[in-house]
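The block underneath contains the structure these notes are about, expressed in structure tokens.
In the text below, chain A, chain B and the rest are named by the order of the sequence lines, each starting its count at 1. All values reported here derive from a predicted model rather than from experimental measurement. Because only heavy atoms are used, hydrogens play no part in the values below, and waters and symmetry mates are left out as well, while side chains stay in.
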Protein chains: 2
Amino acid sequence: MVDHQYAFKQFTDYLRSEGKSITPERLDILDLVLHEKGHFRIEDVIRKNERVSRATVYRTLKTIEDAGLIKYIRTIHDEKIFEVVKEHHDHMICEVCGKIIEFHDPELESLQNDICASRGFSPTRHTMKIFGICPACQKRRSQENTPA
Amino acid sequence: MVDHQYAFKQFTDYLRSEGKSITPERLDILDLVLHEKGHFRIEDVIRKNERVSRATVYRTLKTIEDAGLIKYIRTIHDEKIFEVVKEHHDHMICEVCGKIIEFHDPELESLQNDICASRGFSPTRHTMKIFGICPACQKRRSQENTPA
DNA sequence: AAAATAATTGAGACTGATTCTCAATTATTG
DNA sequence: CAATAATTGAGAATCAGTCTCAATTATTTT
Ligand SMILES: [Mn+2]
Ligand SMILES: [Mn+2]
Ligand SMILES: [Zn+2]
Ligand SMILES: [Zn+2]
């Protein structure tokens with residue numbers, strides 16, 4: 001999904017450009033994060049790392065975020081959920097099962113830019129979350145409401 | 001901006017429909033909240049209320065939120081910011097001064113619905129935040145970069 | 001209106017998440 | 001390699017938010 005080689009270069013370049021050290025802890029966390037599929041929580045990273053301390057996990061996730069390699073969203077329950085930054089996309093979040101569906105729509109993006117332009121606002125990034133019910137949960141519900 | 005009379009009715013109706021009591025604490029908090037202009041933080045409400053306990057402020061804001069009269073967004077620094085629910089709108093948030101600009105665009109809304117429909121997702125609500133630089137901060141910046 | 005019942009409140013303890021402190025360790029620089 | 005600067009780990013501290021439970025207040029019932 002994401003070129004690890006390239007991500008490591010991005011990260012080390014970022015560290016150097018900021019005068020930060022390249023430490024095994026930082027590289028380990030990045031490696032772990034790159035191997036996560038989809039969305040993950042901080043506690044996942046803490047647990048999967050016997051080696052690196054909790055404090056450093058927090059510090060390093062922040063650093064990786066600052067480097068632009070990961071970002072986070074908030075679920076309906078306000079939980080922080082991280083993900084590796086790929087192409088830009090937005091999210092649909094199921095209020096029943098919590099499933100997160102990613103989508104991207106160029107028309108939507110350009111419309112947003114138009115809206116900003118019309119107000120003299122210079123956008124750098126955005127987040128959009130649509131809450132609702134995913135197809136699977138809709139099906140499950142309609143079945144429950146139609147007993148045999 | 002919002003009809004207080006009507007908001008109180010909405011709230012008391014909600015409380016009754018849920019078998020909840022109509023208490024002076026709840027009415028006080030709602031009143032305070034309705035008098036807030038724009039966006040406010042929980043701590044604002046706690047401070048402005050010598051009378052009502054912290055726990056009850058939290059509980060009551062949750063109740064008012066459940067009644068659909070307020071909602072919250074997260075700033076760039078992850079602070080919870082409440083606001084009284086008016087017509088639906090989205091937000092532009094200035095990364096320099098923190099200013100929150102509200103906007104509404106029907107085209108954007110219908111496009112979102114189309115996108116959901118095309119994926120079989122049944123939307124109930126959404127939040128969209130565009131981060132960037134507001135007109136005022138843009139002007140300030142360009143002036144600073146053009147010394148006399 | 002008083003009694004009985006049900007819900008709410010306040011104070012402070014508690015929780016879980018995140019940040020901080022600082023001495024010990026490790027990376028970088030020349 | 002020595003000197004210097006940055007990072008780390010362990011646990012203390014902080015912070016927002018939640019919980020407990022006895023005392024209080026609202027609602028419902030006689
Ligand atoms: Mn995603
Ligand atoms: Mn708003
Ligand atoms: Zn679902
Ligand atoms: Zn601004």
Could you tell me whether the side chain of [X] and the main chain of [Y] form a donor-acceptor pair under 3.5 Å?
| X | Y | result |
| --- | --- | --- |
| Thr124(A) | Phe131(B) | yes |
| Asn145(A) | Arg141(A) | yes |
| His104(B) | His88(B) | yes |
| Lys129(A) | Arg74(A) | yes |
| Gln138(A) | Gly120(B) | yes |
| Glu109(A) | His89(A) | no |
| Gln10(B) | Leu69(B) | no |
| Ser21(A) | Thr23(A) | no |

Geometric class of the His91(A)/His39(A) ring pair [parallel <30°, tilted 30-60°, perpendicular >60°]: perpendicular

Per-nucleotide protein contact string for nucleotides 9-16 of chain C, where B marks a base within reach and S marks sugar-phosphate only (heavy atoms under 4.0 Å, - for neither): BBBBB---

Side chain to side chain contact (heavy atoms under 4.5 Å, CB included) partner of Asn49(B), chosen from Thr60(B), Asp44(B), Ile29(B): Ile29(B)

Separation of [X] atom [atom1] from [N] atom [atom2], in whole Å?
| X | N | atom1 | atom2 | result |
| --- | --- | --- | --- | --- |
| Arg41(B) | dC15(D) | CZ | P | 15 Å |
| Leu27(A) | dA6(D) | CG | C1' | 15 Å |
| Lys20(A) | dT26(C) | NZ | C1' | 16 Å |
| Tyr58(A) | dA13(D) | OH | P | 19 Å |
| Leu30(A) | dT7(D) | CG | C1' | 17 Å |
| Ile22(A) | dT28(C) | CD1 | C1' | 10 Å |
| Ile29(A) | dT7(D) | CD1 | P | 15 Å |
| Leu15(B) | dT28(D) | CG | P | 12 Å |

Close residues, residues 67-81 of chain B, relative to DNA chain C [heavy-atom separation under 4.0 Å]: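 The answer is none.
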
Angle of first-five versus last-five pair axes in the helix from dA1(C)-dT30(D) to dG30(C)-dC1(D), to 10 degrees: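 What I find for the helix from dA1(C)-dT30(D) to dG30(C)-dC1(D) is an axis angle of 40°.
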
Nearest-nucleotide pick for Ser21(A), side chain only, options being dT28(C), dT18(C), dT8(C):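 When the side chain of Ser21(A) is considered, dT28(C) is the closest of dT28(C), dT18(C), dT8(C).
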
Lys/Arg-Asp/Glu bridge criterion (N-O < 4.0 Å) met for Arg47(A), Glu43(A): yes

